[in-house]
Amino acid sequence: MLHQAQKITAAANFIRDRWNGAPRAGVILGTGLGNLASFIENPTNIPYEEIPHFPRSTAIGHRGQLVCGTLAGLPVVTMEGRFHVYEGYPQWQITLPVRVMKSLGIDLLVVSNASGGLNPRYRSGEVMVLDDHINLMHASPLMGINDDQLGPRFPDMSSPYDRNLVERALEIARQENFVAHRGVYVALSGPNYETRAEYRLLRKIGGDVVGMSTVPEVIVAVHCGLRVLAISTVTNVCQPDTLAATSGEEIVAAAAAAEYKVRTMVLGVLAQETNGQG
Ligand code: HPA
């Protein structure tokens, strides 16, 4: 997709005109975590609709702007609201912001999301650090002609989530005395939630949680050589034999209630990066 390089440059130049920081990390705030943006010092807000080639955020619980500034001492570009396959955007466009943040200089991407718990030990309101994923979106953001300047044709996916970051996030949860799991995220395109038979299948193939985001961004982040940390909030429990109906509103509320856990881990990891303990 050689056309992407020009779009990346145009978007990155536009952002640089508005904010002259040198970001070290990109943060994608998923459902319920938008509040983290209020912790950013000296924020510069840039609505997505002003940035060349950016899609617009249409999902509930997603505001739709970049917040650039300093978080836990680290210069960051934060996406307050992300894009999803179910909004109808092609995957290369959903993931364009990751490439733009890379072009601005980040080397670390932190991603958050909401998910349904497939693992019977998981409870609503608990968090899981992603150790691996299964892509059932039936497409990859890397489909099409590969631009070798952006990354390799066949990128390795044996360890998309940085082990060191996973360990550090889990250690912060232990210190702060809340439960944090480590597990496998299954990505479906949505927007409907799953049937009981589908939840059963997803558990059988090794999923601990299921959601509708994150994997496209992570694939692109790995493609362009970023370290990745991703944290999921379990907002509903998907036990096929006792399944209750699920709504988007319920999920946004559950994610907000557990927000402090994700926030604590993200701020803790960023502070370690600031202090060179990464
Ligand atoms: N399925 C898919 N995505 C989700 C769910 C779910 O049960 N909960 C939150 N996001």
Side-chain angles (χ1 to χ4, degrees), residues 28-36 57-64 79-89 91 94-95 110-139 141 161 179-219 230-263 265-266:
I28 302 180
L29 302 177
T31 305
L33 204 78
N35 195 22
L36 187 74
S57 217
T58 69
I60 60 167
H62 292 257
R63 209 172 269 172
M79 292 182 67
E80 206 177 358
R82 65 136 61 82
F83 310 108
H84 304 82
V85 169
Y86 65 73
E87 292 172 270
Y89 296 115
Q91 289 213 26
I94 286 171
T95 53
V110 179
V111 188
S112 66
N113 64 48
S115 63
L118 302 165
N119 186 320
R121 291 185 298 120
Y122 290 11
R123 303 279 168 264
S124 179
E126 290 180 345
V127 291
M128 184 194 91
V129 181
L130 275 67
D131 192 40
D132 211 340
H133 70 230
I134 298 173
N135 181 9
L136 291 186
M137 288 179 159
H138 299 302
Y161 303 91
V179 173
H181 304 287
R182 172 183 197 152
V184 176
Y185 177 95
V186 189
L188 270 61
S189 57
N192 52 289
Y193 294 113
E194 293 70 32
T195 65
R196 286 178 297 149
E198 286 164 344
Y199 283 134
R200 219 172 267 125
L201 169 82
L202 299 176
R203 178 65 188 146
K204 278 210 173 112
I205 63 170
D208 291 300
V209 301
V210 54
M212 305 175 194
S213 69
T214 300
V215 165
E217 294 106 312
V218 170
I219 290 175
I231 304 174
S232 189
T233 303
V234 180
T235 52
N236 53 302
V237 172
C238 315
Q239 292 310 319
D241 300 319
T242 54
L243 191 65
T246 307
S247 73
E249 288 74 16
E250 174 196 335
I251 279 166
V252 171
E259 195 228 338
Y260 80 93
K261 298 180 190 174
V262 187
R263 187 189 342 126
M265 287 193 279
V266 172

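Atoms within a ligand are numbered from 1 in the order they appear, just like the ligands themselves.
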Checklist entry - Only one of L202, L118, D208 forms a side chain to side chain contact (heavy atoms under 4.5 Å, CB included) with V184, so which one is it? => result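 Considering L202, L118, D208, a side chain to side chain contact (heavy atoms under 4.5 Å, CB included) with V184 is found only for D208.
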Of the side chain and backbone of [X], name the one, both, or neither that has a heavy atom under 4.0 Å from an atom of ligand 1.
X: Y86; value: neither
X: N236; value: side chain
X: V210; value: both

Is there a side-chain contact between [X] and [Y], using heavy atoms and a 4.5 Å cut-off?
X: R82; Y: S213; result: yes
X: R203; Y: P120; result: yes
X: E194; Y: C238; result: no
X: R123; Y: V234; result: no

Counting from 1, what ligand 1 atoms have a heavy atom of [X] closer than 4.0 Å?
X: E194; value: 1 (N), 2 (C), 6 (C), 7 (O)
X: A114; value: 9 (C), 10 (N)
X: T235; value: 8 (N), 9 (C)
X: M212; value: 2 (C), 3 (N)
X: C238; value: 7 (O)

Checklist entry - Under 30°, 30 to 60°, or over 60°: which ring-plane class applies to H181 and Y122, parallel, tilted or perpendicular? => result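 If you compare the ring of H181 with that of Y122, the planes turn out parallel.
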Checklist entry - Between Y161 and A230, which heavy-atom pair has the shortest distance, and what is it? => result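 In this case the closest contact between Y161 and A230 is CE2-CB, 3.7 Å.
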Next on the checklist: Below 3.5 Å, N or O to N or O, backbone or side chain included: is there any such pair between Y193 and ligand 1?
Outcome noted: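 No, there is no polar N/O contact under 3.5 Å.
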Checklist entry - Judging by distance only, is a nitrogen or oxygen of G116 under 3.5 angstrom from one on ligand 1? => result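 Yes.
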